[in-house]
Amino acid sequence: MHFEQNNELKMNLETTIGTVVAQAVETLYGLKIEANQIQLQKTKREFEGELTVVIFPFVKAARKSPEQTGQEIGEYLQKNNPVVSAFNVIKGFLNLSISQNYWLETLVQIHGDAQFGITPVTDDSQLMMIEYSSPNTNKPLHLGHIRNNLLGFSIAEIQKANGWKVVKTNIVNDRGIHICKSMLAWKLFGNGETPESTGLKGDHLVGKYYVVFDKAFKAEIKELMDTGMSEDDAKKSAPLILEAQKMLLAWENNDAEVRQLWETMNGWVYAGFDKTYKQLGVDFDKIYYESETYLEGKSEVERGEANKAFYRREDGSVWADLTGDGLDEKLLLRSDGTSVYMTQDIGTAKLRYNDYPINKMVYVVGNEQNYHFQVLALLLDKLGFEWGKSLVHFSYGMVELPEGKMKSREGTVVDADDLMEEMIDTARETSQELGKLDNCTPEEIETIARMVGLGSLKYFILKVDPRKNMTFNPKESIDFNGNTGPFIQYTHARIKSVLRKAADQGIDFTSLKDTNLSVSEKESYLIQLLTEFPAVVRQSGEEFSPALIANYIYDLVKEYNQFYHDFTILKEENEALKQFRLVLSESTATIIKTGMKLLGIEVPERM
RNA sequence: GGUCCUGUAGUUCAAUGGAUAGAACAAGUGUUUCCUAAACACUAGAUCCGGGUUCGAUUCCCGGCGGGACUACCA
């Protein structure tokens, strides 16, 4: 079990109450029901109480009205569980008030646990490999890649927090016809340009030639069509595409000159990618390159052909017949013997399982490739790999612009480097306008601007349910107010500021001396929110959803800001209460920081 | 044509089958001799349509209508 949590306070409360409710139902109505079948939910804000038992399921057995049934169960609970201090029944809902003492003691536990919500990874932990990013080396990263990278990195962090050993991996599509296109274009039209000679980032330079190829190719097609050729034929017989295909063949045959050019141009791209990854704050434990795995894939396909799992056509191409599985036939090797994406993915998967004792393999790849992964699992299964069908495709939705899908041909692609820079610039300007960082050094200002700019971008993307398509409007840019990363970061900084002042005044808030205090509803509700954190972490791991954590933190922060606004902390005259509020504030800050870290977002001490 | 995803305020997003569907942005209005106003408060505004299952449906099922993806010797 990876999800056991030493300190699952919320679960403890729900479990004990569930158990007593089950007892009550059995004693009162003779209905046997498992404690975990009891429907417990957080009480809606407009009613009194913290936890609500849904009474409807017992009404039949009770043969009484929902109100009366709730009343009876409530009385039983109050008698038999000291944690329940009061209750009220509204319609079929039994609202329970939990004793203040319970909340305060819970706060002490949370405050004393720096790793609250985190399940430690041990030697016995199972291993999850997470593939994400997976760029092509023919163009720079764009907004779509950003969502992929942020999701992949965050999910890795979340699974670690749930006790998994995680290996983050990347498969670089560093070869293939698309790479040959930019290589060919550079060779024909590049005039020897380099990143140094142009001042362009390497990935951007190579991307430029990919576009050059496309333009020239299109022109050739048009020319051929003007002579009366069909579009399909023109696409197949244009000189440029034939030349690129020749180059791919030469590459697979280890032609020295082609390999040399390939190494040089990929080197430029990697230098560029490294910068982008570093700025985004993502990294990998192990990188695979298609050029190093496709041969393994080829030999697997050949083995599959020998075993009659696949078949060869007259033209020499190799196919898998998946019509028996409700799918189509799938090409695995072209007639000229070169491999396709699927071929490489087979080889990569095999190598990974050779390299690591993988318990769960997760591919973070967009939903446009759902079909691909369905096929991949089937093919691996047909090849006899027992893990084939257990591969997990974490399929996330596309990022769209207000005008619709990003299209490189129409120049509507939002570049990753540009976008990050714009966000950071905006953060810097906002800080200056508000005069927040007037006492900081230029280095501090830069660090904070980067944190806030990137925090804004990352939170904006991660707060959305990953499975859904999302819209990104670069013109309106991203707001720094409301449900945003900076709002959360700001709240953290605000708390830290109060804590610094408290420390300066020599106030001790290392623990709570008095747990019999009387605190406000707002305060005990905040504690209740804090107790939910471990369950949120667990659920976001199970559902592969950073959005759950993002939305939780937002709720917490919104609630804290109301508290901050309505109550004084340092000027509170009651020393015990002052201490309590500091402990509450510090615990909130810790959870904000821990939670944001699971999203790959840093929080500043001041901003 | 086939397979799959999706439809919630003007916009961007929430809501284990539960109470009067929550936020934020945008619009309008307030709050600072007080711990950071990147904040807080107030006003106005939404479940595509039609059936079904259920004590109860935004949620599950069926049928429409709208949007998207995939179905390549592309990746």
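In what follows, every heavy atom counts, from backbone to side chain, and hydrogens, waters and symmetry copies are set aside. Labels below follow one simple rule: chain letters A, B, ... track the order of the sequence lines, proteins then strands, and each chain is numbered from 1.
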Is any side-chain N or O of A:Ser431 under 3.5 Å from a base N or O of B:A38, one able to act as donor and the other as acceptor? yes
Please state whether the base of B:A19 and the side chain of A:Asn95 form at least one donor-acceptor pair under 3.5 Å? yes
Using a 4.0 Å heavy-atom cut-off across all strands, classify A:Ser497 as base, sugar-phosphate, or nothing. base
For the residue pair A:Glu48 and A:Asn88, confirm or rule out a side-chain donor-acceptor distance under 3.5 Å. no
Aromatic-base stack, A:Phe56 on B:G18, cutoff 5.5 Å, angle under 30: yes
Look at the side chain of A:Lys468 against the base of B:U6 and say whether a donor-acceptor pair falls under 3.5 Å; ignore hydrogens and angles. no
Using the six-membered ring for Trp and the full ring for Phe, Tyr or His, decide whether A:Tyr490 stacks on the six-membered base ring of B:A39 (centres under 5.5 Å, planes under 30°). no
Can you tell me, in whole Å, how much space there is between the P of B:G10 and that of B:C48? 12 Å
Categorize A:Gln369 for me: base, sugar-phosphate, or nothing, with a 4.0 angstrom heavy-atom threshold over every strand shown. base
Taking 4.0 Å as the cut-off, does a side-chain nitrogen or oxygen of A:Lys44 come that near to OP1 or OP2 on B:A19? yes
Working note: A:Tyr210 + A:Phe213, criterion ring pair (Phe, Tyr, Trp, His ring centres under 6.0 Å); need CA distance, chi angles, decisive distance, verdict. CA-CA 5 Å; A:Tyr210 188 70; A:Phe213 176 94; 7.2 Å; no
Quick check on B:A23: is either OP1 or OP2 less than 4.0 Å from any side-chain nitrogen or oxygen of A:Lys463? no
Ignoring hydrogens and angles, are the base of B:A19 and the side chain of A:Thr52 linked by a donor-acceptor pair under 3.5 Å? yes
